[in-house]
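Reviewing the structure listed below.
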Amino acid sequence: MSEDTTTSKPQRQGFPKSSRLLTRADFEPVYRFRCKAGDGTLLVFALPNHRTSTRIGLSVSKKLGNAVVRNRLKRLLREAFRLTQFDLPTGLDLVLIPTAVDKASLVSYQQSLKRLSWKLDRRLQTPPPEPAT
RNA sequence: GGAGCAGGCCAGGCGGUCGCUGCGAGUUCGGGAAGCCGAAUUUCGGGGAGGAAAGUCCGGGCUCCACAGGGCGCGGUGGUGGGUAACGCCCACCGUCCGUGAGGAUAGGGAAAGUGCCACAGAAAACAAACCGCCGUAUGGGCUUGCCUGUGCGGUAAGGGUGAAAAGGUGCGGUAAGAGCGCACCGCGGUGCGGGUGACCGUGCUGGCAGGGUAAACCCCACCGGGAGCAAGACCAAGCAGGGGGAAUCGCGGCCGUUGGCAACAACAGCCGCGACGGAUCGGCCCGAUCCGUUCGACCUCCGGGUGUGUCGCUCGAGGUGAUGAGCGAUCAUCAUCCUAGAUAAAUGACCGCUCUCGACAAAACCCGGCUUAUCGGCCUGCUCCGCGU
RNA sequence: GGCUCCGUAGCCAAGUGGCUAAGGCAGUGGAUUGCAAAUCCACCAUCCCCGGUUCGAAUCCGGGCGGAGCCU
């Protein structure tokens, strides 16, 4: 179901600024929508953004480590999104929050990102959006 | 060969693919008469974290505020000389302590200006002191008749014991026993001479000795110190509500005007000056100074509301590298040469291959100089001690 | 990024440089009771860590670690 969006163009796996959440005004609605899913390594918030693309924002707690550790987690998450962005549902704003340091790797983040985002996408599609808005 | 001391340096490398950032060029679009300006970019090129970027412990630059003055306080530093923009940093030297040594450590002014404190133990802990002991003497007792012992008075700081600390240490003489009582050496105080810019060192004479510790206790002395910090600050745009509450809410004098009045004068309004009160600033307090206010209001203060976006500040600097010269050194001078991160939900990563010593601690956020703390492994230079051989 | 403050038992905390570091709540053990509650007794401390000053440090000084708060 994700193949219909990108069939003709050669997929450039870039990661420009237009696919990131940048300001507090971008982040606050995602948190307030309270639609989230997580496994042991990653926590994902989602909100439909009425665009053709999916954007992500990152939030890394200071409890996970020093600046070097936190920067590495952010780079791994960006790389995971960059490599899997055409296998993800479209039209969402996602906030990614890593919750564990020792299990962090590119492969596990790619798998978690795909599984959790599709799970959230199904939850947003199938029921009418009756929960608290 | 082993053990060690001091100083300096490196912080995996190479190649390929994808991706991020900002700079330059190109292309496209828009504006303009043009130089050019703005935007986009899935085009190209080269640049892109540290020795500690960290902790925020000191010192400066820079920015805004303040910038009559005086007194009292407050904080910091503390051997001497030098270096520096400055420092609590660095260098050299001095003293003390530690180490066989190379070397290391050092908040290292004043206790003879004053105040405070010194628990427990101990006889006594500060205008110092006699518990045990030792010695002399007076007197009593015992008996083996020259010894033992009790009490009083006096002498004594050598010995015991307490303590972190008890009137300088060792030796000889001396004495009833002792004691700087005397002498020698060491220590200490005073004084002279010599050396050194100085801290201080050496030495002569002299005094038998003054005096506990603690100033990272108060304090004294000397020197230094305005406050806040790039979330400083400036500009542009957008937007909200110049919203609500509170304290204080006078007096005298002069001038002029209006009204009333024959006039004296009275009432009202305005301006000026002085005082009082209130507020702000002068880092804290007091004096004092300046400014503002005293009835729509302004200022102050409290509670709220909006924006919390863009541009500048933002990287050429007490800068790096090299050479020469001055200096023991820290460092400085001259010349040549180079431009080497400027992000803003915040840029350096992922994958593959080869290779080595198999990679630690750790991410700029205005910029520098230091200190401190973390740190795998390795390299270089100089030096010390021990053992063996020549 | 900058500024300020705080660390004492599981929790709340007092503590002029000097006794075995007060006290309350909780916990454990015991006494009391027919059994409990209440009460009484006892136990429970790396004074955040490392150095220094001092005869002696929870206290004074320096460094580190951890945790809060404020500033656009």
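In the text below, chain A, chain B and the rest are named by the order of the sequence lines, each starting its count at 1.
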Paired with B/G35 by Watson-Crick or G-U wobble geometry, both distances under 3.5 Å: which nucleotide is it? none

Measuring only the P atom in each nucleotide, how far is B/G233 from B/C252? A whole number of Å is fine. 47 Å

Atom-to-atom span, CG of A/Leu77 to P of B/A346 - whole angstrom: 12 Å

Nearest-Å distance once atom C1' is located in both B/G75 and B/C58: 14 Å

May I ask you to say what A/Leu106 touches in the nucleic acid, namely base, sugar-phosphate or nothing, with a heavy-atom cut-off under 4.0 Å? sugar-phosphate

Pick one for B/U340: is it syn, with its angle within 90° of 0, or anti? syn

State which residues pass side chain to side chain donor-acceptor pair (under 3.5 Å) with A/Ser105; sequence neighbours excluded, sorted by chain then number. A/Ser108

The Watson-Crick or G-U wobble partner of B/C5, with both key distances under 3.5 Å, is B/G382

When you get a sec, tell me which of B/G349, B/A346, B/C20 is the closest nucleotide to the side chain of A/Arg82? B/G349

Considering every strand shown, what is the Watson-Crick or G-U wobble mate of C/C44 when both distances are under 3.5 Å? none

Can you tell me, in whole Å, how much space there is between the P of B/C300 and that of B/G279? 13 Å

Kindly give the atom pairs (protein nitrogen or oxygen, nucleotide nitrogen or oxygen) under 3.5 Å for nucleotides 358-364 of chain B.
{"residue": "B/A363", "atom": "OP2", "partner": "A/Ala67", "partner atom": "N", "Å": "3.3"}
{"residue": "B/A363", "atom": "N7", "partner": "A/Asn71", "partner atom": "ND2", "Å": "2.9"}
{"residue": "B/A363", "atom": "N6", "partner": "A/Arg75", "partner atom": "NH1", "Å": "2.7"}

Could you check whether A/Arg20 gets within reach of a base, just the sugar-phosphate, or nothing at all, counting any heavy atom under 4.0 Å? sugar-phosphate

Which one is paired to B/G46, where only Watson-Crick or G-U wobble pairs with both distances under 3.5 angstrom count? none

Pick the nucleotide of RNA chain B nearest each of A/Tyr31 and A/Leu76; which residue has the one closer to the 5' end? A/Tyr31

According to the Watson-Crick and G-U wobble definitions, with both distances under 3.5 Å, which nucleotide is paired to B/U281? B/A289

d(CZ, A/Arg55; P, B/A345) in whole Å: 13 Å

Please enumerate all protein N or O atoms sitting under 3.5 Å from an N or O of nucleotides 307-309 of chain B, with distances to 0.1 Å.
none

Side chain to side chain contact (heavy atoms under 4.5 Å, CB included) involving A/Thr84 - partner list, sequence neighbours excluded: A/Leu88, A/Gln110, A/Leu113, A/Lys114

Residues at least two apart in sequence or cross-chain that pass side chain to side chain contact (heavy atoms under 4.5 Å, CB included) with A/Asn49, listed by chain then number, are A/Arg51, A/Arg55, A/Asp93

Here the distance between atom C1' of B/A350 and atom CG of A/Leu73, to the nearest Å, is 14 Å

A/Leu83 or A/Gly57, whichever maps to the more 5' nucleotide of RNA chain B: A/Gly57

d(CZ, A/Phe15; C1', B/A345) in whole Å: 11 Å

With sequence neighbours left out, what residues match A/Phe27 under ring pair (Phe, Tyr, Trp, His ring centres under 6.0 Å)? none

Partner set under salt bridge (Lys or Arg N to Asp or Glu O under 4.0 Å) for A/Arg20, not counting sequence neighbours: none

If pairing means Watson-Crick or G-U wobble with both distances under 3.5 Å, then the partner of B/U162 is none

Identify, with sequence neighbours excluded, every residue that meets ring pair (Phe, Tyr, Trp, His ring centres under 6.0 Å) alongside A/Phe45. A/Tyr31

Identify the nucleotide, in any strand shown, that forms a Watson-Crick or G-U wobble pair with C/A21, with both distances under 3.5 Å; if there is none, say none. none

Apply side-chain contact (heavy atoms from CB on, under 4.5 Å) to residues A/Thr54 and A/Leu94 and explain how you reach the verdict. CA-CA 8 Å; A/Thr54 290; A/Leu94 303 174; 4.0 Å; yes

Judged by whether its glycosidic angle lies within 90° of 0, B/A49 is syn

Does the ring of A/Phe27 lie flat against the base of B/A345, closer than 5.5 Å centre to centre with planes under 30°? yes

Approximate separation, where rounding is to 0.5 Å, of A/Ser59 OG and A/Leu21 CG: 11.0 Å

Considering Watson-Crick and G-U wobble pairs with both distances under 3.5 Å, what does B/C153 pair with? B/G136

Residue pairs, two or more places apart or on separate chains, that pass side-chain hydrogen bond (donor to acceptor under 3.5 Å, both in side chains) and touch residues 69-81 of chain A: A/Glu79-A/Arg82

For A/Asp39, side chain to side chain contact (heavy atoms under 4.5 Å, CB included) partners two or more places apart: A/Thr41, A/Leu42, A/Ser112, A/Arg115, A/Leu116

Rounded C1' spacing from B/U309 to B/U337 in Å: 45 Å

With the criterion being N/O to N/O and under 3.5 Å, what pairs connect the protein with nucleotides 64-67 of chain C, and how long is each?
none

